[in-house]
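Heavy-atom basis, side chains included; hydrogens, waters and symmetry copies ignored. Proteins get letters first, then strands, A, B, ... in listed order; numbering begins at 1 in each.
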Number of protein chains: 2
Amino acid sequence: MVTPGAAHAPTGNIRLLIADDQALVRGALGALLSLEGDLEVVGYAGNGDEAVTEAQRLRPDVCLMDVQMPGLDGLEATRLVVAACESTRVLIVTTFAKPGYLRQALEAGASGFVVKDTPAEQLAEAVRRVHAGSRVVDPALAEASLFEGANPLSEREREVLKYAGDGLTAPAIAAEVFLSAGTVRNLLSAAIGKVGARNRTAAARIAQDKGWI
Amino acid sequence: MVTPGAAHAPTGNIRLLIADDQALVRGALGALLSLEGDLEVVGYAGNGDEAVTEAQRLRPDVCLMDVQMPGLDGLEATRLVVAACESTRVLIVTTFAKPGYLRQALEAGASGFVVKDTPAEQLAEAVRRVHAGSRVVDPALAEASLFEGANPLSEREREVLKYAGDGLTAPAIAAEVFLSAGTVRNLLSAAIGKVGARNRTAAARIAQDKGWI
DNA sequence: CCGCCCGCATGACACCTGTCACGAATTCTT
DNA sequence: AAGAATTCGTGACAGGTGTCATGCGGGCGG
């Protein structure tokens with residue numbers, strides 16, 4: 001019998017926190033997982049900051065975390081959740097199978113990585129395996145991550161390449177990052193070379209696809 | 001009592017088809033909507049072609065349709081479903097609140113347009129209202145669509161701008177679309193002017209954000 | 001203390017981009 | 001049938017891009 005008011009009622013259920021910036025997806029995932037008898041959704045978060053706050057408050061067994069969220073992104077939120085809640089394991093649930101994302105997720109301490117192409121039936125199983133201490137990662141994605149996951153760009157190169165991808169000129173980027181236009185062009189040129197593109201627009205697209213920016 | 005084998009059992013339930021290229025999202029939406037006593041998910045589709053085929057086979061009351069799907073996109077699929085199945089209403093359920101998407105969706109015959117930021121509780125209600133013959137559109141998005149939804153770009157301009165957004169040079173684009181490099185530059189210049197950007201990269205980004213490409 | 005490395009900056013050069021004017025061919029409207 | 005509009009193409013010019021060499025200052029390691 002469950003003791004009323006117990007901080008963590010020893011019901012045997014796996015307690016879940018779901019973090020996704022899209023309310024519909026968040027709610028739908030909650031509905032899906034609640035159908036499983038042994039899974040219990042105890043909280044929701046709409047962005048990275050909320051995810052950290054709610055994880056600290058609720059101490060869920062598993063936190064399902066999207067990557068691209070406004071403000072604090074899911075990778076940084078993962079790092080903070082893992083650091084603050086020893087008993088909480090993080091399962092990344094993301095739209096894009098980007099090698100860079102997987103690598104960063106594992107470096108941040110995530111226990112699993114699932115893309116939204118995965119059949120719905122497999123999500124509950126992934127949650128259970130993560131809770132049991134297993135790693136859950138698509139093998140093909142893991143292999144891609146080994147070769148492509150490592151980000152070849154420096155912090156500054158990533159910074160200027162993001163702006164270039166939005167169409168800003170070198171002088172405009174220079175104003176944003178407080179460097180000279182010539183330095184920005186040198187950084188862009190280096191980034192273009194590392195990514196193997198023919199210009200800054202293509203470089204930004206490739207880096208984004210790989211999860212490097 | 002339901003007659004066994006009846007093509008459309010007269011149960012009073014609203015029969016749904018869910019089209020989304022992400023299996024997890026598709027399944028989760030199905031789980032969410034199945035919780036409602038009067039809604040019945042009768043089929044799923046992972047792309048636009050499947051959506052059309054399944055709609056013709058199942059004759060659902062409402063089809064939930066994502067926009068960005070591989071192959072036939074959700075807007076074109078909507079057009080075909082509406083043309084082929086008189087009794088099926090289409091509710092667009094998409095990630096991006098792009099004015100151009102809304103306009104194209106309504107032009108394609110969609111009865112509703114919901115973004116995935118919407119609270120999960122409102123989805124079932126939106127389905128019921130669409131089924132009842134109502135239009136379901138966020139008023140703010142409708143207003144934005146009036147001013148920004150109309151695509152100012154010609155067919156050719158859209159075509160070359162997409163390539164430019166991926167970083168292709170004018171000669172490379174010319175090879176893809178079978179025009180001269182000079183013509184491509186003229187088309188890009190016209191598109192840049194219409195969109196109000198300072199270069200092709202920014203123009204591609206703006207057009208994509210507005211749902212024009 | 002010295003040498004090396006890294007980040008930032010400048011300048012030069014070749015090439016690409018964006019704009020504009022003009023013309024030819026095709027299509028559409030009157 | 002004729003005129004207008006649209007699409008495509010060419011050429012010229014100014015500005016932006018990408019590459020490369022070089023130099024300076026600060027930090028780090030020996």
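Salt bridge absent: A:Glu107 and A:Arg79 never bring a charged side-chain N and a carboxylate O closer than 4.0 Å. Residues A:Arg26 and B:Asp117 are not paired through a salt bridge, judged by the lack of any N-O separation under 4.0 Å between the basic side chain and the carboxylate. Between B:Arg205 and A:Asp166, at least one side-chain nitrogen of the basic residue sits less than 4.0 Å from a carboxylate oxygen of the acidic one, meeting the salt-bridge criterion. Under a 4.0 Å N-O distance rule, the pair A:Arg103/A:Glu148 does not qualify as a salt bridge. Under 4.0 Å is where a charged nitrogen must lie from a carboxylate oxygen, and between B:Lys116 and A:Asp21 no such pair does.
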How does protein reach along nucleotides 7-19 of chain D, written 5' to 3' as B (base within reach of a heavy atom under 4.0 Å), S (only sugar-phosphate), or - (no contact)? -SBB-B----BBB

Which nucleotides of nucleotides 23-28 of chain C have their base under 4.0 Å from a protein heavy atom (B), which only their sugar-phosphate (S), and which neither (-), written as one string 5' to 3'? ------

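The nearest whole Å value for the distance from the OH atom in B:Tyr163 to the P atom in C:dT17 is 17 Å. The distance from atom CD1 of A:Ile173 to atom C1' of C:dC8 is 16 Å, rounded to the nearest whole Å. Across the protein-nucleic acid pair, B:Glu157 atom CD and D:dT6 atom P stand 12 Å apart, rounded to whole Å.
Across B:Phe96 and B:Tyr101, no two heavy atoms sit closer than the pair O-CD2, 3.9 Å.
Annotation for A:Lys194: atom NZ counts as buried by contact number, over 12 foreign heavy atoms lying within 6.0 Å.
In this structure the side chain of B:Val81 reaches within 4.5 angstrom of the side chain of B:Met65, judged on heavy atoms.
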